[in-house]
2 protein chains.
Amino acid sequence: MQLAEAKAQFIANWGRFGTNWGINRTMAQIHALLLVSPDNLSADEVMDQLNISRGNANMNLRELIDWGLVQKVIIPGERKEFFTAEKDIWKVARQIVKERKKRELDLMIPVLKDLSEVEGDRRDKAVKTFTDTIQNIRKFSEQADKTLDTMIKADENWFWSSVMKLFGSKH
Amino acid sequence: MQLAEAKAQFIANWGRFGTNWGINRTMAQIHALLLVSPDNLSADEVMDQLNISRGNANMNLRELIDWGLVQKVIIPGERKEFFTAEKDIWKVARQIVKERKKRELDLMIPVLKDLSEVEGDRRDKAVKTFTDTIQNIRKFSEQADKTLDTMIKADENWFWSSVMKLFGSKH
DNA sequence: CTGAACTTTCAAAAAATAATGAAAGATAGG
DNA sequence: CCTATCTTTCATTATTTTTTGAAAGTTCAG
């Protein structure tokens with residue numbers, strides 16, 4: 001396979017899987033393009049290579065910057081802004097975990113706390129099932145919260161080697 | 001807060017977060033409803049409680065069954081089918097991981113293998129960046145593949161206690 | 001200042017996704 | 001068999017999400 005085709009395939013696939021992750025297709029495609037581009041790209045280059053409009057490129061680049069996956073690069077003496085993506089996938093994964101935790105788990109935990117304070121007689125089966133389930137989800141969420149914080153702080157080698165040790169002890 | 005309101009809030013929130021996970025709102029709401037219902041529900045009860053059409057209820061229940069999150073329950077002597085959801089969240093999480101791995105990672109890994117075989121001179125910066133990035137993603141994916149398999153097989157106590165031990169050794 | 005070069009915004013259009021409900025398909029009891 | 005009861009399908013409709021592109025905004029060199 002030639003580079004151009006491989007690149008197109010990579011972008012298409014990254015875009016396809018992105019949609020399963022609460023990220024829109026174009027955003028994931030821009031990310032993929034930047035991941036495999038040796039040089040920083042301008043908005044125009046992104047527009048050209050992906051055949052998207054200026055507005056679309058601008059919005060999704062901003063969103064990628066919000067997610068901490070892409071940075072603006074200002075080159076002295078150039079009017080244009082350039083964009084670059086972190087290429088170390090471990091760092092990318094950690095950044096995604098960090099953001100999703102902030103946007104999802106951290107919002108869910110207080111909601112669960114509220115819900116666990118439902119009034120009612122626990123001898124009522126409906127009340128019991130509700131509180132038990134919420135309680136179960138809370139425990140899980142708080143466990144996950146700690147685990148993800150550790151992963152966010154971890155460096156790659158320490159993390160994987162610890163995880164692998166974990167496996168070794170079981171299998 | 002009264003049970004009815006708490007239930008409505010839980011369903012609304014579970015539905016909202018579901019959409020970040022490649023699951024549609026209604027599917028997540030049905031799941032939430034079943035999670036907090038002490039009894040198995042018929043399609044009609046799901047329709048009534050969530051105000052959705054018969055076709056919608058049917059489709060999303062099927063999808064939940066495909067995901068292994070809901071089961072059909074046949075009660076002898078009853079014409080209707082009933083539905084029930086696994087209430088242990090650890091099992092639910094494991095099932096979701098299992099399905100998503102099958103639908104995403106297992107499909108991505110062979111694509112990455114293909115892409116890593118791109119032709120071209122590695123002294124060409126574009127080729128080098130591409131192959132390096134793909135290689136980096138492959139390594140990561142294969143590591144994740146093993147880790148997830150272990151999690152899928154693990155039982156809750158073993159898993160969390162191992163993970164907590166992991167933390168203990170670092171902090 | 002001025003205006004060329006670039007970025008951002010946002011209302012409108014297009015595309016993608018989800019929901020409806022009526023009709024067709026099962027199934028089981030009589 | 002028939003028929004009442006329940007489930008499934010799917011063309012149509014509704015909703016949501018994404019994209020476009022022109023206009024407004026910004027910035028900076030001269």
Side-chain angles (χ1 to χ4, degrees), chain A residues 11-34 39-67 70-84 103-104, chain B residues 11-34 39-67 69-84 103:
Chain A
I11 290 168
N13 275 285
W14 205 250
R16 186 155 68 85
F17 287 107
T19 58
N20 295 135
W21 285 85
I23 283 171
N24 84 47
R25 193 183 321 283
T26 302
M27 190 173 150
Q29 286 178 346
I30 295 175
H31 186 225
L33 175 63
L34 291 173
D39 303 311
N40 303 340
L41 300 182
S42 66
D44 286 279
E45 287 168 312
V46 171
M47 286 165 58
D48 286 353
Q49 295 212 38
L50 300 178
N51 264 290
I52 59 175
S53 72
R54 183 170 300 286
N56 199 4
N58 185 275
M59 273 187 26
N60 282 294
L61 280 164
R62 169 147 35 93
E63 190 82 13
L64 283 163
I65 291 171
D66 274 0
W67 274 80
V70 163
Q71 277 105 254
K72 244 183 220 183
V73 177
I74 306 293
I75 297 180
E78 286 255 32
R79 278 301 266 288
K80 275 185 187 150
E81 299 174 335
F82 291 83
F83 299 91
T84 189
R103 292 160 193 235
E104 295 168 36
Chain B
I11 290 168
N13 276 285
W14 205 249
R16 186 154 67 85
F17 287 108
T19 58
N20 295 136
W21 285 87
I23 282 171
N24 84 47
R25 192 183 323 282
T26 302
M27 190 172 149
Q29 286 179 345
I30 295 176
H31 187 224
L33 174 63
L34 291 172
D39 305 309
N40 301 340
L41 300 182
S42 66
D44 286 278
E45 288 169 311
V46 171
M47 285 166 58
D48 286 353
Q49 298 211 37
L50 299 179
N51 263 290
I52 59 175
S53 71
R54 183 171 300 286
N56 198 6
N58 185 276
M59 272 186 28
N60 283 294
L61 280 164
R62 171 147 32 95
E63 190 83 13
L64 282 163
I65 291 171
D66 274 0
W67 273 80
L69 298 174
V70 163
Q71 276 104 255
K72 244 183 221 184
V73 177
I74 305 294
I75 297 181
E78 287 254 32
R79 280 300 270 286
K80 275 185 184 152
E81 298 175 336
F82 291 83
F83 299 91
T84 190
R103 292 160 194 233

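Letters go in sequence order (proteins before strands), and every chain restarts at 1.
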B:Gly77 vs A:Glu78, nearer the 5' end of DNA chain C by closest nucleotide: A:Glu78

Atom pair distance, as rounded to whole Å: CE in B:Met47 and P in C:dA19: 14 Å

D:dT9 OP1/OP2 closer than 4.0 Å to side-chain N/O of B:Arg62: yes

Main-chain N/O of A:Asn56 paired to A:Asn60 side chain as donor or acceptor, under 3.5 Å: yes

Nearest-angstrom distance from the residue atom CG of A:Asn60 to C1' of D:dT20: 13 Å

Spacing between B:Glu63 atom CD and D:dT9 atom P, to the nearest angstrom: 13 Å

Residue pair B:Trp21 / A:Glu104: nearest heavy atoms and the distance that separates them: NE1-OE1, 2.8 Å

Protein-nucleotide distance (A:Arg79, atom CZ; D:dG30, atom P), rounded to Å: 10 Å

Under-4.0 Å side-chain N/O to phosphate OP1/OP2 contact, B:Lys72 with D:dT8: yes

Atom-pair distance (CD on B:Glu81; P on D:dT5), nearest Å: 17 Å

Length of the NZ-P vector between A:Lys80 and D:dT26, whole Å: 22 Å

Name of the residue among B:Glu81, B:Met47, B:Arg79, B:Lys80 meeting side chain to side chain contact (heavy atoms under 4.5 Å, CB included) with B:Ser42: B:Lys80

Residue-phosphate contact under 4.0 Å: A:Asn58 side-chain N/O, C:dT8 OP1/OP2: yes

Sugar-phosphate only, base, or nothing, as touched by B:Thr26 at under 4.0 Å among non-hydrogen atoms: sugar-phosphate

Atom-pair distance (CZ on A:Arg16; P on C:dT17), nearest Å: 13 Å

Touch class at under 4.0 angstrom, heavy-atom based, for A:Arg54 against every strand present: base

Smallest separation among heavy atoms of B:Phe17 and A:Arg103, with atom names: CE2-O, 4.0 Å

Rounded interatomic separation in angstrom, taking CZ from B:Arg25 and C1' from D:dT17: 11 Å

Side chain to side chain contact (heavy atoms under 4.5 Å, CB included) between B:Trp67 and B:His31, intermediate numbers included: CA-CA 11 Å; B:Trp67 273 80; B:His31 187 224; over 6 Å; no

5' priority, DNA chain D, between A:Asn24 and A:Gly55 [closest heavy atom]: A:Asn24

Nearest to side-chain heavy atoms of A:Ile52, which nucleotide of D:dT20, D:dC6, D:dT17: D:dT20

Sugar-phosphate only, base, or nothing, as touched by B:Asn56 at under 4.0 Å among non-hydrogen atoms: base

